[in-house]
2 protein chains.
Amino acid sequence: MGSSGPDWELWRTFDAVMREGSLSAAARALGLSQPTTGRHIAELEAALGADALFTRSARGLQPTVTAQALAPHAQAMAAAAAALTRTASAPTDAAAGVVRISASEVIGAEVLPSILAALRWSQPSLVFELLLTNASSDLLRRDADLAVRMTPPQQKALLAKPVGRIGLGLYAHRNYLARSGPLAKLEDLANHAVIGFDRDAAALRSFHAELALLPDFTLRTDNQLAQLAAVRAGFGVGVVQDPIAQRDPTLVPVLREAFVAHLDVWIVMHEDLRTTRRIRIAFDALVEGMSAHVRAGEA
Amino acid sequence: MGSSGPDWELWRTFDAVMREGSLSAAARALGLSQPTTGRHIAELEAALGADALFTRSARGLQPTVTAQALAPHAQAMAAAAAALTRTASAPTDAAAGVVRISASEVIGAEVLPSILAALRWSQPSLVFELLLTNASSDLLRRDADLAVRMTPPQQKALLAKPVGRIGLGLYAHRNYLARSGPLAKLEDLANHAVIGFDRDAAALRSFHAELALLPDFTLRTDNQLAQLAAVRAGFGVGVVQDPIAQRDPTLVPVLREAFVAHLDVWIVMHEDLRTTRRIRIAFDALVEGMSAHVRAGEA
DNA sequence: TCGACCCCATGCAATTTTGTATAGCAGACC
DNA sequence: GGTCTGCTATACAAAATTGCATGGGGTCGA
């Protein structure tokens with residue numbers, strides 16, 4: 001019985017069409033010709049039954065409800081295919097090949113570079129890919145090999161190692177403080193420029209718990225790198241990870257007693273990758289590097 | 001750039017070869033010819049670089065370390081492909097098509113049948129697949145659409161609904177009790193036939209916590225259906241879910257005060273499937289049916 | 001030790017899949 | 001209103017993939 005579904009290659013085309021929005025664009029992305037992508041989609045539609053996947057138009061293909069329901073699975077398939085080529089990029093027992101790391105934007109921009117630089121110095125054959133997104137992207141969907149996570153490990157299939165706790169505090173640039181009014185009590189914040197989140201529900205909630213009577217933010221953005229940059233530029237007061245703030249002598253902690261929060265940090269990997277040497281090497285390096293980072297913040 | 005890895009269809013062949021153990025068997029499973037599968041593997045090996053995936057022998061193909069590292073990703077891909085055909089098996093907005101449900105063996109054999117029977121009565125176009133395994137199989141890997149879980153939801157991408165708590169108790173058949181010695185205190189168990197787990201580490205641990213001084217089991221098996229059958233057959237004393245035991249008047253609860261345990265039950269589904277009507281219908285039916293089951297045990 | 005069986009590898013013809021070229025259509029912009 | 005761009009759909013030839021048949025080699029059991 002070979003009839004267990006269509007040719008997998010058709011799903012790859014489907015995924016590309018969903019992503020690119022038209023047969024022609026998908027053909028370009030895949031390195032195929034436009035008639036071929038069109039035939040692939042036609043073949044899928046024929047194989048799946050009566051209802052069409054797309055409505056054709058001169059402006060491209062618009063996915064039907066069915067196609068929209070299929071899309072996430074196709075993406076999962078694509079992620080697995082990418083993981084396959086990544087894993088095969090070098091022998092399992094070699095300290096070479098591609099390692100794909102998922103982390104938050106702040107960690108990826110402020111902390112990982114030095115860790116990876118050191119690692120590459122000792123392991124010159126490693127190649128890194130960074131997937132920087134705050135929405136903790138799916139290790140389970142194999143979008144990445146390793147991840148730096150701020151939430152406890154959620155899944156048996158994942159191998160997680162805690163590396164400590166990053167303190168969060170309110171900071172401001174000394175130039176800002178020199179020009180602004182007093183900031184000794186939590187209530188003083190009402191007269192200050194406060195940098196915070198815009199719509200990120202999860203982040204807002206977690207900070208609400210810690211900082212119940214926070215005034216309205218003066219600068220709102222969900223991009224934490226922008227928040228950090230704003231604090232450094234002297235715009236106002238914002239939440240900064242202690243170890244990052246302490247590297248910059250111009251940043252001054254404020255309201256140390258009034259605001260306390262922290263992030264528990266984990267390094268996470270797929271259990272499947274346990275035996276792949278380059279992943280293991282990168283895992284260990286991340287554990288060590290992030291541990292050092294966390295300790296630096298405790299000083 | 002279309003050169004992002006080999007033809008996906010090759011991975012399907014790879015997965016089949018890993019599963020079946022030989023080119024010929026894989027060819028049979030896929031409905032292809034043996035030369036074709038051989039060529040697929042050869043093409044993969046050529047595409048991935050120097051090191052081979054399999055060592056050829058007259059008894060089949062033996063996977064190398066690299067191939068073993070690739071296998072789980074290929075399985076993930078296969079699961080996603082299966083989910084695609086399943087999802088496409090009927091229009092998204094139809095109360096028809098295949099719904100794949102993961103649950104423990106006991107739930108699948110003792111509880112689900114009546115729930116699904118009732119559901120099928122009101123929705124005759126639904127088709128069900130049961131994946132009965134105690135190792136909570138991966139919803140995230142898209143092995144199933146829905147799951148009945150005894151552990152709290154671990155993943156953001158999953159939509160989980162608690163349906164209550166199933167009590168666990170020690171039970172024995174009345175015929176057994178009529179012939180055996182007294183059973184009033186926990187210590188009396190030493191003189192009884194006790195049915196329990198064999199090697200299932202997780203299960204053993206969870207029961208050790210509840211029943212510290214449990215004697216050595218007289219009948220050991222990790223198959224919980226066999227445990228249940230043994231209790232029903234009057235072999236001895238075993239742990240049974242209250243709602244299941246109470247349906248059978250010949251089963252008598254014993255040591256009610258000494259042993260108390262419970263399982264929190266959740267119905268879990270992929271967030272991706274939220275908009276697929278048949279999955280939603282089955283989800284709601286499972287929530288209602290399992291809630292009723294749980295309540296039945298509280299009587 | 002022989003035979004039966006299952007396995008992989010290879011040559012060749014048929015089929016399938018793909019690409020090229022082209023036509024037709026809808027919207028954007030001057 | 002005309003032109004330009006981007007899209008899909010179709011005809012036909014080239015290329016690639018597949019299946020069939022067959023050969024060679026190893027393992028198991030009588």
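Naming: A, B, ... by sequence-line order, numbering from 1 per chain.
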### Task
Starting from P on dT10(C), measure out to CD on Q34(B) and report it in whole angstrom.
11 Å
#### Entry: Distance in angstrom units between L30(A) CG and dG19(C) C1', rounded
15 Å
### Query
Does E45(B) use its side chain to pair, donor to acceptor, with the backbone of L53(B) at less than 3.5 Å?
yes
### Task
Please check if the side chain of T66(A) supplies one atom and the backbone of P91(B) the other of a donor-acceptor pair under 3.5 Å.
no
### Query
For the side chain of S22(B), counting heavy atoms from C-beta on, which of dG19(C), dC8(C), dC12(C) is nearest?
dC8(C)
### Query
Just how far is it from atom CG of L146(B) to atom OG of S102(B), taken to the nearest 0.5 Å?
9.5 Å
### Query
Is the shortest side-chain N to carboxylate O distance from R142(A) to D272(A) below 4.0 Å?
yes
### Query
Using the ring of each side chain (for Trp, its six-membered ring), is H270(A) parallel, tilted or perpendicular to H73(B), with breaks at 30° and 60°?
perpendicular
#### Entry: Chi angles and distances behind the side chain to side chain contact (heavy atoms under 4.5 Å, CB included) call for L286(B), L112(B)
CA-CA 8 Å; L286(B) 278 186; L112(B) 289 189; 3.6 Å; yes
### Query
What's the verdict on side chain to side chain contact (heavy atoms under 4.5 Å, CB included) for M269(B) and I267(B), showing C-alpha distance, side-chain angles and the deciding distance?
CA-CA 7 Å; M269(B) 71 181 286; I267(B) 311 298; over 6 Å; no
Between protein and nucleic acid, restricted to nucleotides 15-17 of chain C and to nitrogen or oxygen atoms under 3.5 Å apart, what atom pairs and distances do you find?
none

### Task
On DNA chain D, reading 5' to 3', which nucleotide is the first and which the last to sit with an atom under 4.0 Å from a heavy atom of chain A, could you check?
dC7(D) to dT10(D)
### Task
Please figure out whether S24(B) or R39(B) has its closest DNA chain C nucleotide nearer the 5' end.
S24(B)
### Query
Reckon R28(B) has a side-chain N or O less than 4.0 Å from the OP1 or OP2 of dC7(C)?
yes
### A95(A) versus R277(A), closest heavy-atom pair with distance
N-NH1, 3.7 Å
